[in-house]
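Each chain gets a letter, A, B and so on, in the order the sequences are listed, and its residues count up from 1.
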There are 2 protein chains.
Amino acid sequence: MSNEAATTGEARLPLGLFVGIDRSSPVPLYHQVSERIEKAIRDDTLPAGSKLENEISLGHRLGLSRPTVRRAIQELVDKGLLVRRRGVGTQVVHGPVTRNVELTSLYEDLERSAQKPTTTLLSRRVEAATPELAETLGIEVGSPTLHISRLRSADGVPLAVLDNVLPEPFVELTEDELIQHGLYQLLRARGVTMRIAKQRIGARTASREEERLLDLSGGAAVLTMSRVAFDATGRAVEYGRHCYRPDLYTFEITLVER
Amino acid sequence: MSNEAATTGEARLPLGLFVGIDRSSPVPLYHQVSERIEKAIRDDTLPAGSKLENEISLGHRLGLSRPTVRRAIQELVDKGLLVRRRGVGTQVVHGPVTRNVELTSLYEDLERSAQKPTTTLLSRRVEAATPELAETLGIEVGSPTLHISRLRSADGVPLAVLDNVLPEPFVELTEDELIQHGLYQLLRARGVTMRIAKQRIGARTASREEERLLDLSGGAAVLTMSRVAFDATGRAVEYGRHCYRPDLYTFEITLVER
DNA sequence: TAGTGGTCTAGACCACGCT
DNA sequence: GCGTGGTCTAGACCACTAT
C-alpha cells in the first residue's frame, strides 16, 4: 500500500513553493512564509483537512528557526485557515475559506470588490463638541468638530448613509476632498494610521429621509453600524454612525478561539 | 521639577501587583501577567494614556524573559487595551475600555450579563441533508441532520428566534436537553470545543411569524446572524440562522490592526 | 513510546521616533 | 545618539495524542 490519502488528510510535505523568500526584505520572514502557505491553501494546493509538516522540520528545510515558522503558522490560525492540535499536528480547516472583516472603510471594501464607489455630500458643518461627543472622542467639551453626512453609492446604486464626526485636527477637510475620496484615504494622507476600532452593529426601521436616500419602500429595515476609531497613539480620530441597505451589504466576521 | 504627569501620560513603573505569579500553574506565565495588567487597566490603576515600563525592564523585574513579557503585552494589544509604538513605548489606549465579541452563545452572553435565559422549543426534526446544507457543513448529501427552532427569552422577554442545524453526531439531542440548556453547553458536554466561527450579520424586515414570536408590531426590522461553527479538528458542528430584536440586542466588535 | 504543538529562556541585531 | 519595540535565533522542557 502506498502512502495515499488517510481518512481525513495526508501527511504530505509542502514542496519548494517557498522560493523567493528574501531575508533582506522589509517584510518579515514569518509573514513571507505565512503568505505562501495562505496562497497554497486558497489554491487548493493544500486541500481542506490536509496535514502540514511539523514546525521543526519545516523550519529546518526553510533554514528558519522554529519560532519564526511558528509565528507564520499562528498568523493563519488567527485568520481561521489552520487548526493546531497538540500531539497531532496542524491541519487546513474544513469548510469554505473566507475573508475577514478588517479595519477598512466602506469605500475601500467597494474598491476591492471592483465596484465603483461614489459619494454625495449631504452636509458639512463645524460644531462645538457636546459633552456626550467629547466623552466619546476623548476631547474637550466645546472644541471644534467636523460633522459630515454622506450618501455612498456603488455602481450608481445608493448603498449607505454615512454620518461622521471628526475632531479638531481634521475640521479643514474640504467638500471636494470628501466627494473625491474615502474618509480613511483622506486621514491616511494626513499621516493617520488607524489601529483600533470599536464597532456596534444593529438594525432598525429606516427613517423617511433614509428611505428616500437609499431608495427603499415604506417601513424597510436598515443595518446600522456605529464606530469609534483610534490611531496608533490611542487617540480617537473618527466617530461614525452609518446605515446600510441590508439587501446590498452585510458584515462578515471570523472568530477564532485562542 | 518632579517627574509628574507629562503631556499625555507618565512613565511610571507598575508596582508589585504581580505577586502570586505561579510558575508551576497550568496557566501560562504570559497569561498570568496579561491578566494582572488587564486588571490594572480596568481598575484605572493604569489610567488611559499612561505609559508602561519597557519590555526588558519589566521582564527583568518579574524574573521573566523578554519574549514572555512581550507575549503578555501582545495579548492586550490584540484585545485593544494597549497600543505599542516603536521608538516610543507602550501605552494604555484612550477611549472607553470595552469587551469584545467572543466565540460564545447567546445563552452564555445572557447568563454573563445576569439575565435569566429561557428557551421555548418551537420544532425539532431530523432530516436528510440537502446539497446546499451538505456543502455548508462539509458532510455527505442525504446524511441525517437535526433541525431545531427555538425562541430565546431573557427575563421573560422574547429576544431571538434561533434556527439551527447540527450534523449526524448530535441528532440524538433531546427536547428536554434543548429546553434546559444552551446549545453550546450541550455540545461542550459532549466533548466538543468550538474553535472557529464564521458569521454574517445583516438585517431585514421581520416575517409575520417572527413578529408574533418576538412581540413586534407590523413591518419591524430584525437583526440577523448566520453562523457556521467548527471544532478543534476543523469539522463543522453547527449551522445557525438567528434573528434578534434589534432594540434588545446588538453586536459589539473590536478590530485591531496588526 | 514517539511525535506533536505549547511554553520559556537568553541572548542578538535592526528600524524607528524622539531629542 | 539613545531608547523603544520588531524580528530572529538555537536551544530546552513539558503536556498532550496517538499507537
Side-chain angles (χ1 to χ4, degrees), chain A residues 6-9 11-13 21-34 50-78 82-92 191-193 195 231-234 257-258, chain B residues 6-9 11 13 21-34 50-78 82-92 191 193 195 231-234 257-258:
Chain A
T7 325
T8 61
R12 168 79 57 247
L13 325 179
I21 285 195
D22 180 5
R23 294 192 91 88
S24 66
S25 159
V27 35
L29 290 173
Y30 64 80
H31 194 249
Q32 295 185 42
V33 172
S34 122
S50 64
K51 231 172 92 183
L52 244 68
E53 199 174 343
N54 78 63
E55 298 171 347
I56 294 139
S57 145
L58 181 56
H60 198 262
R61 288 206 302 137
L62 298 180
L64 298 172
S65 71
R66 185 186 170 197
T68 302
V69 172
R70 201 176 153 69
R71 182 156 180 190
I73 291 174
Q74 187 60 46
E75 279 204 338
L76 299 179
V77 171
D78 290 344
L82 293 177
V83 173
R84 281 205 274 222
R85 280 187 294 161
R86 171 151 39 182
V88 178
T90 304
Q91 282 178 291
V92 179
V192 176
T193 13
R195 269 314 228 305
D231 69 4
T233 76
E257 191 74 23
R258 303 279 185 115
Chain B
T7 326
T8 62
L13 326 178
I21 286 195
D22 180 5
R23 294 191 92 86
S24 66
S25 158
V27 36
L29 289 174
Y30 65 79
H31 191 63
Q32 295 185 41
V33 172
S34 126
S50 63
K51 232 173 90 182
L52 244 68
E53 199 175 342
N54 77 63
E55 300 171 345
I56 295 133
S57 146
L58 181 56
H60 198 261
R61 288 207 301 136
L62 298 180
L64 297 173
S65 70
R66 185 185 170 199
T68 302
V69 172
R70 199 175 156 69
R71 182 156 181 189
I73 291 173
Q74 188 60 45
E75 278 205 338
L76 299 178
V77 171
D78 290 343
L82 293 178
V83 174
R84 283 204 273 221
R85 280 187 294 162
R86 170 150 43 180
V88 179
T90 305
Q91 282 178 292
V92 179
T193 10
R195 270 309 233 301
D231 69 4
T233 75
E257 191 73 23
R258 306 277 186 116

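- Applying the 4.0 Å criterion to OP1 and OP2 of D:dT7, one finds that A:T68 has every side-chain N and O outside that range.
- Close to D:dC8, at under 4.0 Å from its OP1 or OP2, lies no side-chain N or O of A:Y30.
- When distances are taken from the side chain of A:R23 to each of D:dG6, C:dT7, D:dC8, the shortest belongs to D:dC8.
- Residue A:Q74 contributes atom CD, which lies 14 Å from atom P of D:dT7 at whole-angstrom precision.
- Using a 4.0 Å heavy-atom distance criterion, A:L29 is classed as a sugar-phosphate-only contact.
- For B:I21 and C:dC8, the CD1 to C1' distance is 14 Å, given to the nearest whole Å.
- Listed nucleotides C:dG5, C:dC8, C:dT7 differ in distance to A:N54; the shortest reach to its side chain belongs to C:dG5.
- Between B:Q91 atom CD and D:dG5 atom P the separation is 11 Å, expressed in whole Å.
- Rounded to an integer number of Å, the gap from A:H31 NE2 to D:dT7 C1' is 14 Å.
- Side-chain proximity of B:E55 to the nucleotides C:dT7, C:dT4, D:dG6 is greatest for D:dG6.
- In this structure, B:R71 places its CZ atom 19 Å from P of D:dG5, rounding to the nearest Å.
- With distances taken from any side-chain atom of A:R85 to the nucleotides D:dA18, D:dG5, C:dG5, the minimum falls on D:dA18.
- Counting any heavy atom pair closer than 4.0 Å across all strands shown, B:I56 reaches no nucleic acid atom.
- In summary, of the residues considered (A:T90, A:V83, A:L82), a side-chain contact (heavy atoms from CB on, under 4.5 Å) with A:L76 occurs for A:L82 alone.
- What separates CG of A:L62 from P of D:dA10 is a distance of 13 Å, to the nearest Å.
- Distances shorter than 4.0 Å separate none of the side-chain N or O atoms of B:S65 from OP1 or OP2 on C:dG11.
- Distances from the side chain of B:P28 to the nucleotides D:dT7, D:dC16, C:dC8 place C:dC8 closest.
- Using modelled atom types, one side-chain atom of B:R195 and one backbone atom of A:R84 make a donor-acceptor pair closer than 3.5 Å.
- Of the possible polar contacts, one joining the B:Q32 side chain to the B:D22 backbone as a donor-acceptor pair under 3.5 Å is found.
- Salt-bridge check for B:E75 with B:R70: failed, with every basic side-chain N at 4.0 Å or more from each acidic carboxylate O.
- As a whole-Å value, the separation of A:L64 CG from D:dG11 C1' is 16 Å.
- For the pair A:L52 CG and C:dG5 P, the computed distance is 9 Å after rounding to whole Å.
- Here the side chain of A:R70 is nearest to one of C:dC8, D:dC8, C:dG5, namely C:dG5.
- The side chain of B:R66 approaches D:dG5 more closely than any other nucleotide in the set C:dC8, D:dG5, D:dC8.
- Residue A:P67 is the one, among A:P67 and A:G87, whose nearest nucleotide of DNA chain D lies closer to the 5' end (criterion: closest heavy atom).
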